[in-house]
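In what follows, every chain begins at residue 1, and chains take the letters A, B, ... in the order their sequences are listed.
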Amino acid sequence: RKEVEQDPGPFNVPEGATVAFNCTYSNSASQSFFWYRQDCRKEPKLLMSVYSSGNEDGRFTAQLNRASQYISLLIRDSKLSDSATYLCVVNHAGGTSYGKLTFGQGTILTVHP
Amino acid sequence: DAGVTQSPTHLIKTRGQHVTLRCSPISGHKSVSWYQQVLGQGPQFIFQYYEKEERGRGNFPDRFSARQFPNYSSELNVNALLLGDSALYLCASSLGDRANNSPLHFGNGTRLTVT
């Protein structure tokens, strides 16, 4: 089983749509959670951290369910510029792993006019 | 301010050769991490260095090695290249050594093609 698994996608949605991505992680000792965004042939960039109480940043809402080991990202009112690969990322932070990020395979989102 | 810079941007090598990739972190950042990203997959952790010491190693063979210099820049070396080593190699820097409180900033990567 992969440490971090994401919806395979790809997602193709019209502008203005709401889209949700899901992610599960296998290590119950994981402590920190993030969503990164990666544009085509570019480097990953931090979109937002994910907190236990859930958090929102504009049109983006992230949720964490530690009991189910599940993370989600909701994008409301999709824009063309939201087209990218969304990476679910987990940090175990145990032993010597505190600097290591474990990435899911990514979910491709395409927003069309 | 300059971000994380990596060189070269692209590289083509033949099987069996070795390669050295270079990374300069953001000024003031003491931690450098290396990731390998194969097409269609998320980045995979290779190494982390902090204050010139190895702090973490991913599941990669001994053909992969790295080091960090006194100015916090870093090199990733790969010996005896295989076709499967073809990937985007990403360097990331951060202030501290803990990912939970020190966001990673990635460079543009080096795209390595092994033929």
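- Around the CD atom of A:Glu3, the shell of radius 6.0 Å holds no more than 12 heavy atoms that belong to other residues, nucleotides or ligands.
- Sparse packing is recorded around CZ of B:Arg15, with 12 or fewer heavy atoms of other residues, nucleotides or ligands lying under 6.0 Å away.
- Atom CG of B:Leu82 is surrounded by more than 12 heavy atoms from other residues, nucleotides or ligands within 6.0 Å.
- For the atom pair CZ (B:Phe106) and CD (A:Gln38), the distance works out to 8.5 Å, reported to the nearest 0.5 Å.
- Heavy atoms of other residues, nucleotides or ligands lying less than 6.0 angstrom from CG of B:Asn59 number 12 at most.
- With A:Glu43 as the fixed residue, the side-chain contact (heavy atoms from CB on, under 4.5 Å) test singles out one of B:Val4, B:Leu88, B:Leu90: B:Leu90.
- Contact of the B:Ser33 side chain with the A:Leu101 side chain is not registered, since no non-hydrogen atoms from C-beta on lie closer than 4.5 Å.
- Only the side chain of B:Gln37 comes within contact range of chain A, with heavy atoms under 4.5 Å apart.
- Other residues, nucleotides and ligands place no more than 12 heavy atoms under 6.0 Å from the NE2 atom of B:His18.
- Proximity to chain B (any heavy atom under 4.5 Å) is shown, for A:Gln6, by neither the backbone nor the side chain.
- For a residue to count as touching a neighbouring chain, one of its non-hydrogen atoms must lie under 4.5 Å from one of that chain's; by this rule A:Tyr36 touches chain B with the side chain only.
- With rounding to the nearest 0.5 Å, the separation of CG in B:Leu39 from CZ in A:Arg41 is 8.5 Å.
- Counting non-hydrogen atoms of other residues, nucleotides and ligands closer than 6.0 Å to NZ of A:Lys42 gives a total of 12 or fewer.
- One finds the CD atom of B:Gln44 at 8.5 Å from the NZ atom of A:Lys100 (value rounded to the nearest 0.5 Å).
- Contacts between B:Tyr50 and chain A at a heavy-atom distance below 4.5 Å are absent for every atom of the residue.
- A:Ile108 CD1: 12 or fewer foreign heavy atoms inside a 6.0 Å radius.
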